[in-house]
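Just so we're on the same page: letters track the sequence lines, and every chain starts at 1. Hydrogens, waters and symmetry mates play no part in the numbers below; they use all other heavy atoms, side chains included.
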There are 2 protein chains.
Amino acid sequence: MLREKGQRFSKIRREMALVVLEIRRHFNADDVFRELRRRNVRGAHLATVYRTLPLLVQAGIIQPALFSSGERTFYETSFERPHHDHLICTGCGLVVEFELEAIERLQHDVARCHGFELTRHFHELLGECGSCRSASP
Amino acid sequence: MLREKGQRFSKIRREMALVVLEIRRHFNADDVFRELRRRNVRGAHLATVYRTLPLLVQAGIIQPALFSSGERTFYETSFERPHHDHLICTGCGLVVEFELEAIERLQHDVARCHGFELTRHFHELLGECGSCRSASP
DNA sequence: ATCGATGCAAAGGGTTTGCAAGGTT
DNA sequence: AACCTTGCAAACCCTTTGCATCGAT
């Protein structure tokens, strides 16, 4: 695999990379840990998962996500995926990804306005999805 | 004070409300706790602060903020303040508040597009401010 | 007098760390 | 062989909770 950003390449890291690349949803450390066990990666340890996740971020394979969802640190795959933000249903937890060029442009405008050079942004819209709205008046 | 949303009104709560209304910056539970001690509010306890913060949110006096900043739960005063989002310098931690009607409108458009009814949003722009940029090439 | 709020201490849960043992280069 | 990773367990930190007491209505 393509992840020599200065780190060594162990079996566990390989397995973790495979796992996160295959996960479609957003995940946290424990999700990865449980998936590793399910695959019988012998003795994969939760501490190792915690130690490796930041490396995968650095390598550009995953990125943090879903900040508004409270405590847990969530990630999503970033490798070969276009940029997007999230629309989250507060009723059922449904996550929809969206991307709007116009918003991106305005964000840069705002930053420039204040003398900032924009590097990242977190943008999450919370609301109620159609199904939840029709379910509860 | 104007905070009878169904809760009782104790001395500690009164003091806490005063503190958070006077704080200008973003703050966490411990900031409030230390400020209470500084003011010699006798024996104000950290557990009480943790218990009271959600009540102040419910009462519309404060609101959670700065989600991308990692672990700690931060708040800011919301009482009689217009809506705004944050532009944060990753170099020095400077926080600038901004508000752009156009972005707000686009957010609602996006939500509606996907059948969502928008209730809240988190929008944080991260970058480097002017001083930090000139300090480090 | 009743019911909720507080102090205290202890538990809780996710995350991090020190160290010895095992892998990678 | 040198150095990095891992497993393990213990430490950490912020936050929450149980319980007896104190305070508000």
Could you check which of [options] has an atom nearest any side-chain atom of [X]?
X     : options               : result
B/A47 : C/dC8, C/dG23, C/dT17 : C/dC8
A/R51 : D/dC19, D/dT15, D/dG7 : D/dG7
B/F9  : D/dT6, D/dT25, D/dC3  : D/dT25
B/T48 : D/dT6, C/dT6, C/dA5   : C/dT6
A/S10 : C/dG7, D/dG7, D/dT6   : D/dT6

No-H, no-angle donor-acceptor pair, A/R8 side chain to C/dT24 base, under 3.5 Å: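 Side chain to base: pair present.
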Exercise: do B/H26 and B/D31 side chains pair donor with acceptor under 3.5 Å: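 Judged by distance alone, the side chains do not pair up.
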Any donor-acceptor N or O pair under 3.5 Å, side chains A/E104, A/H83: yes
Expressed in angstrom and rounded to an integer, what is the separation of [X] atom [atom1] from [N] atom [atom2]?
X     : N      : atom1 : atom2 : value
B/E15 : C/dA5  : CD    : C1'   : 15 Å
B/N28 : D/dC13 : CG    : P     : 15 Å
B/R14 : C/dA5  : CZ    : P     : 18 Å
B/Y50 : C/dA9  : OH    : P     : 18 Å
B/F33 : D/dC13 : CZ    : P     : 16 Å
A/L36 : D/dT5  : CG    : C1'   : 15 Å
A/I12 : D/dG7  : CD1   : C1'   : 10 Å
A/H45 : D/dT6  : NE2   : P     : 12 Å

Residue met sooner reading DNA chain D from 5', once B/D30 and B/K11 are mapped to nucleotides: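 By nearest-heavy-atom nucleotide position, the 5'-most residue is B/D30.
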Note: B/E76-B/R24 ion pair, threshold 4.0 Å (strictly below): no
Side-chain ion pair, B/R105 and B/E101, N-O less than 4.0 Å: yes
Distance test, side-chain N/O of B/R13 to OP1/OP2 of C/dT6, below 4.0 Å: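 B/R13 to C/dT6 OP1/OP2: side-chain N or O found under 4.0 Å.
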Any B/T73 side-chain nitrogen or oxygen under 4.0 Å from OP1 or OP2 of D/dT15: yes
Pairing residues for B/N28 by the side-chain hydrogen bond (donor to acceptor under 3.5 Å, both in side chains) criterion, not counting sequence neighbours: none
